[in-house]
Each structure stands twice: as C-alpha cells, then as structure tokens.
Amino acid sequence: MSSLRVRFAPSPTGYLHIGGARTALFNWLLARKEQGTFILRIEDTDVARSTQESVDAILQAMEWLGLDYDEGPLYQSQRFDLYRSKVDQLVGEGKAYRCYCTVEELEQKREAALKAGGKPKYDGTCRERRDQPTGLPFVVRFRTPQDGETVFNDRIKGTISFRNDELDDVIIQRTDGTPTYNFVVVIDDADMGITLVIRGDDHLNNTPRQILMYQALGCPVPEFAHVPMILGADKARLSKRHGATSVMAYREMGYLPEAMVNYLVRLGWSHGDQEIFGLRELVEKFSLENVGRSAGVFNPDKLLWLNAHYIKAGDPQRLAALVTEFLLVRGIDPATGPDLVAVVRTLQERSRTLLEMAEAAAFYYASEISYELEAATKFLTADREAPLAALVEKLEKHATLDESAVEAAINEVLAETGLKLGKLGPAIRVALTGGTVSPGIFEMVAVLGPQESSRRLRRALRHLR
RNA sequence: GGUCCCUUCGUCUAGCGGUCUAGGACACCGGCCUUUCACGUCGGUAACACGGGUUCGAUUCCCGUAGGGAUCACCA
C-alpha cells in the first residue's frame with residue numbers, strides 16, 4: 001500500500017454520466033496501479049437537489065464498470081458539524097468573515113459592474129466591517145489574500161498560476177448555515193488525507209481559491225490533476241442532445257462494461273498505438289503522464305466498434321447470460337429453443353451489441369417463421385423443391401448433427417442434384433429464418449437441430465408448391 | 001467582457017529538435033475472401049490553425065494572432 005490517496009466525488013443530482021465515469025476510472029486506475037487508496041465521497045451538501053435515487057444510480061454504474069472503492073461511500077451531508085467548526089475556526093482567526101449583503105444587493109452590484117465593463121467580483125462591502133448586527137441573516141465569506149499569486153503544478157496541465165487579486169471572497173457558509181462546495185471539498189480532501197485530486201478541468205478555476213483555503217486552514221495542499229472535458233460532435237460540452245450520456249443507458253443498449261471502460265480510457269489517454277486494453281492491463285499501464293491536455297469528442301462509432309470487438313472475443317457462456325434479459329424483454333424465452341450458448345456462438349461475429357444479438361437470435365426461438373416476401377419469391381422457387389426434400393430426408397434420420405455432418409449432408413444433396421450451394425443455401429436460409437441475413441447455413445442447422453430444421457424445411461416446401 | 005486552459009487526418013491519438021515524403025485506430029471508399037449478412041484481410045482518401053522568433057535544423061522550444069473550451073452563483 002502506497003501513500004497515494006485519491007477520491008471520486010460525484011454529486012448525487014442525476015445518473016453517472018460519461019465524463020464522471022471517466023474521472024472515476026482514472027482515479028481508480030491510478031489507485032490500483034500505485035496500490036493507493038480509492039475513496040468514494042458523495043457530495044450532497046445541496047440537500048434540495050440531492051436524491052437517494054441518484055446515489056443508487058451512481059453506485060450501480062460504478063459496480064457495472066467494475067470500479068470498487070476502499071473507503072466510503074462517505075456522505076458530506078453527515079459531516080456538517082465538522083464543516084461548521086472549521087468555519088468558526090476561520091472566522092475566529094479572522095480568515096473568514098460574516099457578510100450581511102443580500103442576494104438582491106449582490107445581484108445589483110454584479111450587473112452594475114458588468115455594465116460598467118468591470119469584473120462581477122464581490123466588492124468587499126463587509127470585508128472590513130467591524131460591527132456585528134444581531135438578527136440579520138448572514139453568509140460567511142473566505143477572506144482571500146489580495147496580493148501575490150497562487151501557483152501550482154498540475155499533473156496533467158503543467159504549471160498554472162493565478163493572481164490572487166483576480167479571486168474574490170467566496171461564500172463558504174450559506175445563510176441557512178450549510179457550507180458550500182468550495183469549502184467542503186477542501187475540508188474533506190484535507191480530512192480524508194487526499195494526496196492527489198483528479199477531477200474534471202471545469203474545476204481548474206476553483207483550484208487557486210481552494211489552495212488558499214488549505215493554507216488558511218494550515219493543511220498540506222494536495223497535488224492536482226485536471227482531466228480535460230468530453231465534448232459532443234459539435235465540440236460543445238457533451239449533453240443529452242448528443243445522445244445518451246448516462247453510463248447505464250449504454251448497458252441498456254447492449255454494451256459491455258469492458259467496452260465502455262476501454263473506450264473511456266482511450267478518450268484522453270494513450271499508450272503508443274495500442275487500442276485494446278483489458279482492465280488488468282490498464283492497471284499496469286495507466287499513467288497520468290500520458291493523459292492529454294485537450295478536450296476530446298465523444299465518438300459513439302468507436303465505442304460501438306470496441307463493443308463489437310469484445311462481443312466477438314467474449315466468453316459465450318457469459319454473453320448468453322447477459323443476452324438473456326434482452327431476449328426476455330422481447331418476449332423470447334430461450335428455454336423454449338436451442339441451447340443459448342450455441343446460439344450465441346453463431347452470432348458473436350455479427351453482433352455489435354447485445355441488443356443486436358437478441359434481435360438476430362429471435363428466429364431460433366420462433367415457433368412459426370414468417371417469410372419476407374422478396375426473399376421467398378426469389379429463393380423459395382419450384383426448382384428447389386427436390387433438393388430441399390432430399391435434404392429433409394437426410395436430416396430426419398438424426399436426432400443431432402454437428403456442423404461438419406450438416407455440411408456433409410448438404411454436400412451430398414448438392415452432388416446428387418447437381419445444384420450449387422449458391423442456389424440451395426439461400427433457400428435453406430429463407431426456410432429456416434424467413435430472411436436473407438443470418439449465421440452460416442451449416443452452423444445454423446446444427447444449432448437448430450435436424451428435427452427442427454426439417455420441420456421448417458417442410459413448411460417451406462408446402463409454401464413453394 | 002475578465003481570468004484560466006486548449007490547438008496533429010472528420011473523430012480518438014502517436015510524435016517528447018533531425019528517424020516526418022507525419023504512424024496507428026474509428027468512420028468513409030475500393031479489392032480479396034465467401035452460401036447471405038457480417039467477420040477477416042489488403043489498399044486508398046485525409047492532419048502538424050496562422051505569423052514571428054530560437055536553432056545548422058522545427059510537428060516538436062518561446063512569443064504573438066486566431067479559433068475553441070472552462071469559469072466568474074448563498075450549484076457542485
């Protein structure tokens with residue numbers, strides 16, 4: 001175990017989205033690689049917007065991705081006493097002060113400043129206020145130093161510096177006594193001994209004021225690593241209008257977690273020319289040094305390609321278990337037909353998602369095949385009657401046949417009738433599936449079984465007469 | 001608008017001063033394979049934002065410009 005302590009700190013105001021998942025993944029990977037500690041902290045200080053449903057959704061998504069944590073989940077809503085005492089400490093030391101300005105006043109000042117071409121920064125009205133009005137509502141503001149600059153070395157972005165006079169006195173405690181994000185994040189990261197903060201770079205601008213707070217509190221300042229944003233195809237921040245942004249929505253669309261992990265990690269991180277990475281391999285190879293500094297566009301096509309890859313390479317047993325729920329949703333009970341694992345094997349190379357696989361598997365379990373009109377007229381023609389009948393005769397003699405036996409049987413028919421496979425094959429395909437797209441003929445007959453196959457062939461024979 | 005960050009094919013990226021007539025992957029186009037659809041395989045189109053420096057030599061270093069993004073809440 002190393003001294004590295006990282007955390008993922010989502011706020012439970014919705015599902016876990018793509019960007020959050022990648023941040024969580026980077027944290028997890030580094031923790032596992034360095035044998036550090038990965039902490040999950042729920043940032044629910046905004047009681048009004050936080051929900052238990054969101055917490056559950058985030059937990060489920062992390063589990064689906066395979067990201068386990070060593071400590072937590074810790075809830076900020078259960079730590080208000082700590083925050084309050086820290087606020088009091090800062091006020092006592094003169095490092096924070098009560099501000100009695102009202103929301104309306106502040107809003108007015110902001111607009112006026114903006115109109116005058118100035119910065120919408122807090123004007124410091126209460127900064128040097130000496131009196132303590134009683135009965136008036138107040139917030140507590142952090143007294144940020146107005147001289148010098150704050151410099152830090154971001155593990156991804158490099159050296160970054162801000163002039164302190166650009167920063168204003170941020171509110172750390174609301175009128176209702178609850179603390180705000182920029183304060184609790186500092187208290188918690190300090191209290192939990194976080195040594196490296198990996199987060200989205202939308203937090204980059206918060207970092208200097210947070211560093212100033214660590215210093216005011218007398219706490220060691222952690223390192224920071226700001227991960228670039230994920231954008232949509234139009235280069236705008238990824239949002240719903242770019243398609244699904246919820247990690248779990250991809251599970252529902254038939255994606256495998258390893259495909260999602262692989263895609264996410266390669267969006268912003270690279271290891272030479274390598275594209276395919278398993279989780280264990282990532283733990284070994286991941287590093288902050290190879291994380292890029294610029295924002296990246298989410299590319300659904302590549303995710304789909306990766307998913308196809310993992311379906312192709314996946315264990316049929318496991319895929320069968322996973323595809324079952326997609327089948328059941330479509331009203332198909334795999335127990336009523338051929339062995340699902342065998343079915344999956346015939347579909348792995350031609351399915352990009354579990355959803356596609358379920359759709360492609362439907363014909364195996366159909367009690368009655370309905371023919372596509374065009375396919376039937378083109379391939380279920382009178383000249384195929386004799387060879388199909390001959391095939392039925394051969395198939396019916398067996399309870400089971402493996403793929404090569406099926407091939408042998410069909411080849412016999414071909415030899416006897418002088419027909420080409422190019423003529424017979426499509427007819428068999430339409431008879432068995434109703435359409436022109438399916439797995440290979442031989443494997444299909446083998447999986448369906450000679451009895452069921454001949455039953456379907458007989459029906460086709462009746463149809464073409 | 002202020003501040004901060006970013007800038008290699010359409011997209012994800014390799015590149016860490018000469019190896020670049022810039023490599024890989026997705027997507028796209030074409031050949032091959034073939035009982036369908038796919039898979040696979042082979043090949044092709046396609047990028048260093050611009051302008052100055054530094055240097056014997058810049059995709060690589062520095063400075064501008066332009067463009068993009070983030071942030072300026074009693075949200076996180």
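The sequence lines fix the lettering, A, B, ..., with proteins before strands; numbering per chain opens at 1.
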Fill in: Aromatic ring proximity, centroids under 6.0 angstrom, A:His203 and A:Tyr181
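Yes: the rings meet the under 6.0 Å criterion.
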
Practice prompt. Check the surroundings of atom NZ in A:Lys423: do more than 12 heavy atoms from other residues, nucleotides or ligands lie under 6.0 Å from it?
Written response: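 Open.
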
Discussion item. Measuring only the C1' atom in each nucleotide, how far is B:rG18 from B:rG68? A whole number of Å is fine.
Written reply: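 The answer is 32 Å between these two C1' atoms.
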
Mate of [N] where both pairing distances stay under 3.5 Å, Watson-Crick or G-U:
| N | answer |
| --- | --- |
| B:rU21 | none |
| B:rC28 | B:rG44 |
| B:rC16 | none |
| B:rU36 | none |
| B:rA70 | B:rU3 |

Fill in: Residues forming a ring pair (Phe, Tyr, Trp, His ring centres under 6.0 Å) with A:His242, sequence neighbours excluded
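Partners of A:His242 by the ring pair (Phe, Tyr, Trp, His ring centres under 6.0 Å) criterion come out as none, since no residue qualifies.
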
Item to complete: For A:Glu166 and for A:Pro179, find the nucleotide of RNA chain B with the closest heavy atom, then tell me which residue's nucleotide is more 5'.
Response: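 Its nearest nucleotide being more 5', the pick is A:Glu166.
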
Practice prompt. Please figure out whether A:Cys101 or A:Arg209 has its closest RNA chain B nucleotide nearer the 5' end.
Written response: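 In this pair, the answer is A:Arg209.
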
Worksheet item: Between A:Arg209 and A:Val170, is there a donor-acceptor pair closer than 3.5 Å when you use the side chain of the first and the backbone of the second?
Response: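 Pair absent, no side-chain N/O of A:Arg209 close to backbone of A:Val170.
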
Worksheet entry | Check: A:Asn411 side chain, A:Glu407 main-chain N or O, donor-acceptor pair, under 3.5 Å |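 Indeed, once roles are kept as given, a pair shorter than 3.5 Å links the two residues.
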
Discussion item. For A:Phe26 and A:Phe286, take the angle between the two ring planes, folded into 0 to 90°, and tell me which bin it lands in: parallel under 30, tilted 30 to 60, perpendicular over 60.
Written reply: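 A:Phe26 and A:Phe286: tilted rings.
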
Practice prompt. Please work out which of the three classes, parallel, tilted or perpendicular, describes the rings of A:His271 and A:Trp269, given edges at 30° and 60°.
Written response: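 A:Trp269 vs A:His271 ring planes: parallel.
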
For nucleotides 59-69 of chain B, list the nitrogen or oxygen atoms of the protein found under 3.5 Å from its nitrogen or oxygen atoms, one pair per line.
none

Worksheet item: Any salt bridge between A:Glu149 and A:Arg163, counting N to O under 4.0 Å?
Response: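 The answer is no: the pair does not qualify as a salt bridge.
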
Worksheet item: If you measure from the Lys or Arg side-chain nitrogens to the Asp or Glu carboxylate oxygens, is any gap between A:Asp188 and A:Arg79 under 4.0 Å?
Response: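 Salt bridge flag = yes for A:Arg79 with A:Asp188.
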
Worksheet item: Does A:Ser161 make a side-chain N or O approach to OP1 or OP2 of B:rC4 shorter than 4.0 Å?
Response: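 No, A:Ser161 has no side-chain N/O under 4.0 Å of OP1/OP2 on B:rC4.
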
Worksheet item: How does each nucleotide of nucleotides 20-36 of chain B score, in 5' to 3' order, for protein heavy atoms under 4.0 Å: base (B), sugar-phosphate only (S), or none (-)?
Response: ---BBBBS-------BB

